[in-house]
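Okay, structure first, notes after.
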Amino acid sequence: MRAVLVTNGQGRPAPSCIRVVPLPDGFACFLHHRGATGLELAANPGVSLAFDWPEQGRTVVATGRCGRLSAVDSDAFFGGLAEREQLAVWAGGEQRENMSRAAAAGAFADFADYFSGQLIPRPQKWGGYRIAVDEMRFQQESDDGVTDSFRYGKTAAAGDWYAVRTPPL
């Protein structure tokens, strides 16, 4: 599933479209630690995720904090990717600003040749981040024109979840 991840961006929102994986207590995303989003997450772990769920007529916004997943968890996710996706991770780590598309394709081809016929290891500079959700907002469209919108959050003391009906997003 894809979502927009919004980090602090040094005083302004810094959105990134990322692939997320649902977890029992939040979500996980996987990216290059030294890329723009990885550096933002290292500086400020507060994030928001926004999902459009058109099949259900819903919009979901989740906020929380993130931290790096273990190398074991990152290796497991990377190992489950198709070979083409694994090669794209390696090649993506080599891309620079204003790099031509031909040069990026060349990097992909170079990694495909280098790893030909062998298991592809996860690059050490790439891995996962667990996003622990502390608040979620759901908005549900309906045929009668009434939009249902709820905010779910955790109480500070016990960590129990509560729900509040809110105006639409």
Just wondering, are more than 12 heavy atoms of other shown residues or ligands nearer than 6.0 Å to CZ in Arg165? yes

Going by distance alone, is a donor N or O of one side chain under 3.5 Å from an acceptor N or O of the other, for Thr166 and Ser149? yes

When you check the side-chain N and O atoms of Arg151 and Tyr162, is any donor under 3.5 Å from an acceptor? yes

Less than 4.5 Å apart, any side-chain heavy atom of Leu31 and any of Tyr129? yes

CA sep, side-chain torsions, deciding dist, call: Phe111, Ile120, side chain to side chain contact (heavy atoms under 4.5 Å, CB included): CA-CA 10 Å; Phe111 284 114; Ile120 302 171; over 6 Å; no

Evaluate the salt bridge (charged side-chain N to carboxylate O under 4.0 Å, His left out) criterion for residues Arg122 and Asp75: first the C-alpha distance (whole Å), next the side-chain angles of each, then the deciding distance (0.1 Å), finally the verdict. CA-CA 6 Å; Arg122 176 183 61 87; Asp75 288 343; 2.5 Å; yes

Would Arg65 and Ile131 count as a side chain to side chain contact (heavy atoms under 4.5 Å, CB included) here? Give the steps. CA-CA 6 Å; Arg65 300 185 67 71; Ile131 300 166; over 6 Å; no

Report the relative orientation of the aromatic rings in Tyr152 and Phe150; use parallel for angles under 30°, tilted for 30 to 60°, perpendicular for over 60°. tilted

Main-chain N/O of Gln56 paired with Gln140 side-chain donor or acceptor, under 3.5 Å: yes

For the residue pair Ile18 and Phe30, establish whether any side-chain heavy-atom pair is separated by less than 4.5 Å. no

side-chain contact (heavy atoms from CB on, under 4.5 Å) with Val47: which of Val133, Thr63, Leu41? Leu41

Give a yes or no on whether the backbone of Asp160 and the side-chain of Thr155 come within a donor-acceptor separation of less than 3.5 Å. yes

Do Val20 and Phe51 touch side chain to side chain, with heavy atoms closer than 4.5 Å? yes

Glu141 side chain vs Thr147 backbone, donor-acceptor pair below 3.5 Å: no

The test is side chain to side chain contact (heavy atoms under 4.5 Å, CB included); show your working for Phe115 and Gln86 and say whether it passes. CA-CA 10 Å; Phe115 290 117; Gln86 292 175 337; over 6 Å; no

Would you find more than 12 non-hydrogen atoms of other residues, nucleotides or ligands less than 6.0 Å from Arg58 atom CZ? yes

Name the orientation class of the two ring planes belonging to Phe77 and Trp126 (parallel below 30°, tilted from 30 to 60°, perpendicular beyond 60°). parallel

Please evaluate residues Val60 and Met136 with respect to the criterion side chain to side chain contact (heavy atoms under 4.5 Å, CB included), reporting the C-alpha separation (whole Å), side-chain torsions for both, the decisive distance (0.1 Å), and the verdict. CA-CA 7 Å; Val60 181; Met136 293 190 81; 3.5 Å; yes

Tabulate below the donor-acceptor pairs under 3.5 Å that side-chain atoms of residues 87-94 make, not counting sequence neighbours, or state none.
unit_1: Trp90; atom_1: NE1; unit_2: Pro121; atom_2: O; d: 2.8

Counting only heavy atoms not in Asp143, do more than 12 fall under 6.0 Å of its CG? no

Would you say Leu81 ends up clustered with Tyr114 if hydrophobic residues are merged whenever their side chains have heavy atoms under 4.5 Å apart, either directly or through other cluster members? yes

Check whether any side-chain heavy atom of Gln95 lies under 4.5 Å from a side-chain heavy atom of Arg101, and answer yes or no. no

Grab the two heavy atoms, one from Gly128 and one from Ser74, that are nearest each other, plus how far apart they are. N-OG, 2.9 Å

